[in-house]
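This is a predicted model, so every value here is computed, not measured. In the text below, chain A, chain B and the rest are named by the order of the sequence lines, each starting its count at 1. Values reported hereafter were calculated over all heavy atoms of this structure, with side chains retained and with hydrogens, waters and symmetry mates removed.
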Amino acid sequence: MPRVPFIDTEKAQGGARRVFQDQMKLRGRISTLWRTRGWAGNAVEHAWQFYKNLMAEPAEVENKKLTRTLREKIGLITSKSCGCTYCVSFHSSMLGQFGLSEEEVKKTIDYQNSDIPDWEKKVLKFVEEAATEPHKITDQEFKQIRSLGFTNEEMVEIAEVIAMFVGIARLVAILDIEPDEWLENPEYWLGPEETWPEEWHRYKLEPKV
Amino acid sequence: MIDVNEDGWAEEVEGACLPVIVDFWAERCATCRMMSMILTNLEKLYGDRFKFVRLNVDEAPQLASKHGIKGIPTVIIFKDGVETHRLIGVQPYQKMSQLLSTFFSEDAVRKSMSEESSKGVDITQRN
């Protein structure tokens, strides 16, 4: 449960309102992350624009090596490396929307032991290292990733995607934002309400301003 | 939920009379906190039929490695010291509850199939 209440999407003003409207148009929903980030007002609008540009949302960029799907996979491995449950859940769901089966998403999460293409394994290994121990990345490793067919522009975009999701993972941890599913269907995740200890009742609340 | 380590593993898990649900976790893992909440609640309902234990993989890396733990949280169910189910990632209460409520009937079927198989009965021909 977030440490600040969610912004009521119907009462949101200014930048937050525009972000919510855009998300409704694009995704048909507003996630708990953005309902919390909405407090940042106009700054959140810039964050959303940056996010959309970086993740190439809503357009697909299949003409590039760094596709929309690969960006989401980078987000998934970054989030997993940072231990962000919320983010792993979100990226898994997005990859499902891009046509990946549950099995394929699992393979991405467990990329080292799965039969995904070798080049993709190398990218995801690089992502994991970049998300956890970026100072250990060597020039040789960086060159190896570039040699897979990424342009300088794409290499910077990969770094930006990793950095953005490391930041979001921190944001989620600082604000203690639970996955959307937990708040939408807490009994599915936590069991019958009558069995909950007192402190879990916060999951049942529909927090609004 | 009982905390186990390498020293207590044989007694608490391998030698347990009840099937054992082991939660492989670590302090550093936020997801594990959620899985732990779910298992704590499941223990209220199934604590008389299963033993609930947890193992900190950072404190017992060799044991985690021996059991092929590649990511946490991972939940493994052992019966008579043998792994019967493995679940990777956070599992919702309802999914876990469904698994535990059918565990013994599944186990009976498994046992019966194993016995028939050892007697040479073709179990693939069964409806």
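Applying the salt bridge (charged side-chain N to carboxylate O under 4.0 Å, His left out) test to B:E11 and every residue at least two apart in sequence or in another chain returns nothing.
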Just list the side-chain donor-acceptor pairs under 3.5 Å for residues 74-81 of chain A, sequence neighbours left out, or say none.
unit_1: A:T78; atom_1: OG1; unit_2: A:I74; atom_2: O; d: 2.7
unit_1: A:S79; atom_1: OG; unit_2: A:G75; atom_2: O; d: 2.6
unit_1: A:S79; atom_1: OG; unit_2: A:H91; atom_2: NE2; d: 3.4
unit_1: A:K80; atom_1: NZ; unit_2: A:I109; atom_2: O; d: 2.9
unit_1: A:S81; atom_1: OG; unit_2: A:I77; atom_2: O; d: 2.6

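Atom CD of B:Q98 sits in a sparse spot, with 12 or fewer heavy atoms from other residues, nucleotides or ligands closer than 6.0 Å. Residue-environment remark: NZ (B:K44) exceeds the threshold of 12 foreign heavy atoms within 6.0 Å.
Between B:Q91 and A:W189 the shortest heavy-atom distance is C-CZ3, 4.3 Å. Between B:Q94 and A:E187, the closest heavy-atom pair is NE2-O, 3.6 Å.
The greatest number of non-hydrogen atom pairs below 4.5 Å with chain A, out of B:I72, B:I88, B:N41, B:L42, is found for B:N41.
Side-chain contact between B:L45 and A:T195: absent, with no pair of heavy atoms (C-beta onward) separated by less than 4.5 Å.
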